[in-house]
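Accompanying notes for the structure given below.
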Amino acid sequence: MKLPIYLDYSATTPVDPRVAEKMIPYLTEHFGNPASRSHAYGWEAEKAVEDARGHVAALINADPKEIVWTSGATEGNNLAIKGAAHFYKGKGRHIITQKTEHKAVLDTCRELERQEFEVTYLDPEQNGIVDLEKFKAAIRPDTIVATIMFVNNEIGVIQPVEQIAEICRSKGIIFHCDAVQAAGKLEIDLQKFKADLLTITAHKMYGPKGIGALYIRRKPRVRIEAQIHGGGHERGMRSGTLPTHQIVGFGEAARLAKLEMATDNERIRGLRDRLLNGIRDLEEVYVNGDLEHRIPGNLNVSFNFVEGESLIMAIKDIAVSSGSACTSASLEPSYVLRALGRSDELAHSSIRFTLGKYTTAEEIEFAIDLIKRKVNKLRELSPLWEMYKEGVDLNSVQWAAH
Amino acid sequence: MAYSDKVIEHYENPRNVGSFDKGDESVGTGMVGAPACGDVMKLQIRVNDSGIIEDARFKTYGCGSAIASSSLVTEWVKGKSLEDAGNIRNTQIAEELALPPVKIHCSILAEDAIKAAITDYRKKHGLEQPAEQPACKAA
């Protein structure tokens, strides 16, 4: 067993060796520019790009013409939201999103606020899911764009995006969905799902980093304004030389995901449940976010009275991420958990475990044992645990905050 | 996270973990920080008749640097007079543990914990009024 054990598949996934193998010839041998129309090098590269476009489109049941390559999800979200807002600004300047979106969506919305758009940031319910009635209530006559993620990156909950898309369609609102954490894990069928724009990326589904795709609906036709200008690649929507090898990798990853995700999901769900049952032996463990409406590979839990960063340090033999942003420069706990109404203590005590197709039962058993030992050790060190055990209500304490 | 070797050493082998009886006349207890801010330190000192800190205990909820800072100060205060212990500065703690700038607040908290424990002891013995705690910057 290789240490540390990787349980951070929502951050990124390893490239499937079958994907890597497909990519290599496009770096060395078939290196042509897909935009070169005058020779075989270009034609060959173009064919590879179009084959890959077909695989990516097939994964989400879309037409290949609806796929625009991007450098990844951050660019995809920027292009979709800014592109649609800029194109439709004559109709109105109001945008709806929610507080637990990824920063690539939230910061894009902030930027649009600086450009005199108005943004409503909905609060999710305590289980992390957006309430449809609250969504409807936020719609105004001048609402032009709504953007709600398919699956949350921290807590893995699945949003009712299909219903939201219906609502938006009926109101003539462009609906964008950040489906980065859903693609390759959940079935996405854009013949049924009425999203107008949908962002996906390769490196969350065993493809390479640095390549993503934006789905742009053709029926009914959705328009966006380009954000990057140049040679008019991707029908003018995203200029820039296409990275053939990355695209080939994304295509292969999408093809494999379509074939294998159902089987992988079942196995991953079994392991995730085993992990949850194992750590539930401990007292004061809280699952963050809805457990039912959740992708199979995600487990986000708070170990009350233990601080997240010190726990990560204690369990350094497993690679996970902490909801507590003490790990970064800011000392704020996770904004996602805060939006769920979790107390600061619980938000500071959270760990995100994300499992993937290479996770084994042996690794999960190792993780359970390690977590239990270290949580107990840190609780022995914790004055909060001591007070809890003495029956002190921590909310009644007057903390001298700093 | 780039923790110094000293932080890791204290974190993995924390010194003087535990609790004294808060009600004991010879014990001073300082509890600083807040769960909402992500760290709480409890530092206790046992003081002998000549005003020397004989022993110390701590419990800390917080990151590795917070645990290491409190572990370190329990070692430093032992054998010191209340006055000398009260002169320990956060900069000394930060320097000893090579704390990065983002973790300086851990050393400040440890300094505050010593001061709070001393104040508590003095208060018990009618020597001093309680001192003000620093104000919260994180909500």
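Below, chains carry the letters A, B, ... as their sequence lines are ordered, and counting in each starts from 1.
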* Verify the neighbour count for atom CD of B:E83: are there more than 12 heavy atoms of other residues, nucleotides or ligands below 6.0 Å? => no
* Asked: Has B:E95 got more than 12 heavy atoms of other residues, nucleotides or ligands less than 6.0 Å from its CD?
  -> no
* Salt-bridge test for A:E309 and B:K103: reply yes if a basic N is under 4.0 Å from a carboxylate O, no otherwise. => yes
* **Within 6.0 Å of CG in B:N48, more than 12 heavy atoms from elsewhere** => yes
* To do: Using atom types as modelled and distance alone, determine if a side-chain donor or acceptor of B:Y11 lies under 3.5 Å from a backbone N or O of A:M313.
  => no
* Look at the side chain of B:K59 and the backbone N and O of A:E380, then say whether any donor-acceptor pair between them is shorter than 3.5 Å. => yes
* Asked: In terms of heavy-atom proximity below 4.5 Å to chain B, should A:K316 be classed as side chain, backbone, both, or neither?
  -> side chain
* Under 3.5 Å, side chain of A:E307 to main-chain N/O of B:C63, donor-acceptor pair present? -> yes
* To do: Decide if atom CG of B:N13 counts as having more than 12 heavy atoms of other residues, nucleotides or ligands within a radius under 6.0 Å.
  => yes
* Structure fact -> Heavy-atom nearest pair, A:P383 first then B:M31, reads CB-SD, 4.3 Å
* **Under 4.5 Å from a heavy atom of chain B, the part of A:V306 involved** => backbone
* **B:K22 atom NZ, over 12 foreign heavy atoms within 6.0 Å** => no
* Structure fact -> Checking A:L381, A:L378, A:L384 against B:Y61 for side chain to side chain contact (heavy atoms under 4.5 Å, CB included), the one that qualifies is A:L384
* Asked: Is the shortest heavy-atom distance from the side chain of B:P35 to the side chain of A:H348 under 4.5 Å?
  -> no
* To do: Please lay out, stage by stage, how B:I67 and A:S310 fare under the test side-chain contact (heavy atoms from CB on, under 4.5 Å).
  => CA-CA 8 Å; B:I67 291 171; A:S310 62; 4.0 Å; yes
* Asked: Hey, mind stepping through A:M387 and B:K42 against side-chain contact (heavy atoms from CB on, under 4.5 Å) and telling me if it holds?
  -> CA-CA 11 Å; A:M387 291 164 84; B:K42 188 184 82 166; over 6 Å; no
* Atom CD of A:Q126: over 12 foreign heavy atoms under 6.0 Å -> no
